[in-house]
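What follows is a short report on a single structure.
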Amino acid sequence: MELTPNQQAISLAALMFLRGSASFESSLHDEEISALELLKQAKAVVPGVVNSRDAVCAFCGLYSGPIFRSNEGLMVQCPDCGPFALDPASQRSWRLDDEWLIRKLRGALDISPHATTTQIVDGVWDIGRYKKRPVVLARRIDLVERHGLRIFHGLEPRSQSWVITPRPLVKSPLEPLAGTATWWQLEDRFALHGLALRLLDPDQGEKADDIQDNIPGVAVHGPFSEDFSWVHLEDWSHGPIRLTDAQAKLFAALWKHRQQAQSAEFLMREAGLGSERPIDVFKLKTSNRGDPRYEGPLHAYEELVVRQRRQGLYRLTPL
């Protein structure tokens, strides 16, 4: 299906954002040149550094030659093809303005202009809150996977975030953030509308997230998923166990300090919970007894947590 000029523009913007560096006009095909003009009008791109010393040969494309001035104007001396007139476009380069993209995404998601944008790591930003959930913008999905612990479980936990990245250059058969966050690919979820960005079909993200929340995260930390919201136990016949947010935080604290037993007070403070004892967040209501959804977390606690009663200390069983 042929893309509209605006779709071409958002696709080029996503590609330039993914690269994070300047792109030469001479490397763009005709449709991308038109898309670049739209991005210029939207003030989405800024000029890159101009190389005034040498240029790639316009004929063979194999060698670079020095630029020199002659009576005919600026020329390039290719060591193989000889001299030829310099095309100014071969020297012009453009890069996407990251601040422009952040501003336009915040506008599309109705994020307050007074909200703070935080750079989590190089190429990954927390740009605010959409429907009370953090919005994480990243150049590439592999950056999010690589820095997942810092992004989702750092000093400021961002569980169940909206994660926005360009479409990856190599398609992955798996959903990399299943059970951890909702992944939106920039070109598919946003459209260039005049000088602004617009979120496409906002309800679709909600529905997709409902489904994704029920997809078990794979075991990363021993039997726990990356965000500790799922537990995989071989002796539990009902499949992966879904934990509540409080239960996940407690297991995350136990995992972090798995090398040494800790007091209940320390663990509950580390997990940011108000209860006095770890077992408090696993207690069952009478009406929930016999239901695997509620029995599962208690079973995981009983199987994985050892209490040293005399010292009043807790730790995970050796995994």
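All of these numbers come straight from a predicted model, not from anything done at the bench. The chain is numbered in sequence order, starting from 1.
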At their closest point, which heavy atom of [X] faces which heavy atom of [Y], and how far apart are they?
| X | Y | answer |
| --- | --- | --- |
| A138 | F17 | O-CE2, 3.3 Å |
| G296 | W236 | CA-CZ2, 3.5 Å |
| E32 | L12 | O-CD2, 3.5 Å |
| L199 | L109 | CD2-CD2, 3.8 Å |
| L197 | A108 | O-CB, 3.4 Å |
| V56 | S64 | CG2-OG, 3.7 Å |

State the [atom1]-[atom2] distance between [X] and [Y], to the nearest 0.5 angstrom.
| X | Y | atom1 | atom2 | result |
| --- | --- | --- | --- | --- |
| H221 | K256 | NE2 | NZ | 12.5 Å |
| L96 | R19 | CG | CZ | 11.5 Å |
| Q8 | S34 | CD | OG | 8.0 Å |
| L177 | Q160 | CG | CD | 10.5 Å |
| I151 | D227 | CD1 | CG | 13.0 Å |
| L192 | E187 | CG | CD | 13.0 Å |

### Query
Do W125 and V135 pass the side chain to side chain contact (heavy atoms under 4.5 Å, CB included) test, and can you show the C-alpha distance, the side-chain angles, and the key distance before you say yes or no?
CA-CA 8 Å; W125 298 263; V135 180; over 6 Å; no
Over 12 non-hydrogen atoms of neighbours within 6.0 angstrom of [atom1] in [X]:
| X | atom1 | answer |
| --- | --- | --- |
| Y63 | OH | no |
| E276 | CD | no |
| E72 | CD | no |
| H257 | NE2 | yes |
| N71 | CG | no |

### Message
Under the criterion ring pair (Phe, Tyr, Trp, His ring centres under 6.0 Å), I'd like the reasoning laid out for F251 against F282: C-alpha separation, chi angles, the key distance, then a yes or no.
### Response
CA-CA 11 Å; F251 272 126; F282 294 90; 5.5 Å; yes
Does [X] use its side chain to pair, donor to acceptor, with the backbone of [Y] at less than 3.5 Å?
| X | Y | answer |
| --- | --- | --- |
| R92 | P47 | no |
| W184 | T165 | no |
| R307 | G312 | no |
| E303 | A300 | no |
| D110 | S112 | no |
| H147 | D122 | no |
| Q247 | V281 | yes |
| R95 | S21 | no |
| K104 | L195 | yes |
| R140 | L18 | no |

### Message
Testing the 3.5 Å rule here: is there a donor-acceptor pair between the side chains of N6 and T4?
### Response
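Per modelled atom types, N6 and T4 side chains form no pair under 3.5 Å.
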### Message
Here's a test for you: under side chain to side chain contact (heavy atoms under 4.5 Å, CB included), which of L250, L267, D280, D245 qualifies with L273?
### Response
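Of all the options given, the one that passes is L250.
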If hydrophobic clusters are built by linking Ile, Leu, Val, Met, Phe, Trp and Tyr wherever their side-chain heavy atoms come under 4.5 Å apart, do [X] and [Y] end up in the same one?
| X | Y | answer |
| --- | --- | --- |
| V144 | L15 | no |
| I10 | I33 | yes |
| F59 | V76 | yes |
| V220 | L149 | no |
| I120 | L143 | yes |

### Test log, rule side chain to side chain contact (heavy atoms under 4.5 Å, CB included), inputs V163 and F152
CA-CA 11 Å; V163 173; F152 302 116; 4.0 Å; yes
[X] versus [Y]: any side-chain heavy-atom pair under 4.5 Å?
| X | Y | answer |
| --- | --- | --- |
| Q185 | P166 | no |
| W230 | R242 | yes |
| R289 | E295 | yes |
| L137 | T117 | no |
| D80 | C57 | no |
| V231 | P240 | no |
| R133 | S161 | no |
| Y314 | V306 | no |

### Query
F224 vs W255 aromatic rings, parallel, tilted or perpendicular, using cut-offs 30° and 60°?
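Perpendicular: the ring planes of F224 and W255 meet at over 60°.
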### Stepwise side chain to side chain contact (heavy atoms under 4.5 Å, CB included) test for W94 and M16
CA-CA 9 Å; W94 302 87; M16 295 174 76; 4.0 Å; yes
### Worked check of side chain to side chain contact (heavy atoms under 4.5 Å, CB included) between R315 and Q308
CA-CA 8 Å; R315 67 179 303 168; Q308 301 173 5; 3.9 Å; yes
### Task
Kindly indicate, with the supporting measurements, whether the criterion side-chain hydrogen bond (donor to acceptor under 3.5 Å, both in side chains) is fulfilled by R167 and S11.
CA-CA 9 Å; R167 189 185 302 127; S11 293; 5.2 Å; no
Before accepting this row, confirm whether a basic side-chain N of the pair [X]/[Y] lies closer than 4.0 Å to the acidic partner's carboxylate O.
| X | Y | value |
| --- | --- | --- |
| E145 | R150 | no |
| D97 | K43 | no |
| D98 | R139 | yes |

